[in-house]
Structure formats: C-alpha cells, structure tokens
Amino acid sequence: VVAEIDYALGHHELIKVKIPTDDKETKGLIVDAICRETEATKVQVIGKTLVIYRQSDEKKIHVPKL
C-alpha cells in the first residue's frame, strides 16, 4: 500500500487516501505511518480521507508567496 501511495505522490504531488477505520487513535497511527514512510506532509484529515503532499522533482504545484 505504501508503495502505491509513494508512486501516486511522485506522479501527482497532492493526493487523497481513504483510511478504513472510524477509531481516532488507529486512524492517527495510520496517518502518521503513511506520512513517515512516504516522507509526505499531512495537509488535512476530514472523516476517513487523508490529504497529503510531497513535492516532486518537477515541482508541478507552485504555491504563491503571500
């Protein structure tokens, strides 16, 4: 699963991942593990959906300076 998430991050930079549990503690552990193993940044968690970001070498997403 982590390899698929890693591949998707390399291709898209920003992805959503469904977390298959309602237990907050378990969900937190899964989110932390995914972010740690993929070296991605957690953007947000809404319900069972985790949004993560990792910049690729091609820098597809450009964040404007405020």
Who are the side-chain hydrogen bond (donor to acceptor under 3.5 Å, both in side chains) partners of Ser56, not counting sequence neighbours?
Glu13
Flag the pair Arg54 / Ile15 as yes when at least one side-chain heavy-atom distance between them is below 4.5 Å, and no otherwise.
no
Of the non-hydrogen atoms in Tyr53 and Leu14, which two are nearest, and what is the gap between them?
CB-CD1, 3.8 Å
Contacts under 3.5 angstrom, residues 29-51 side chains, donor-acceptor by atom type, not counting sequence neighbours:
unit_1, atom_1, unit_2, atom_2, d
Thr38, OG1, Ile34, O, 2.6
Thr49, OG1, Lys18, NZ, 3.1

Just how far is it from atom CG of Leu9 to atom CD1 of Ile52, taken to the nearest 0.5 Å?
4.5 Å
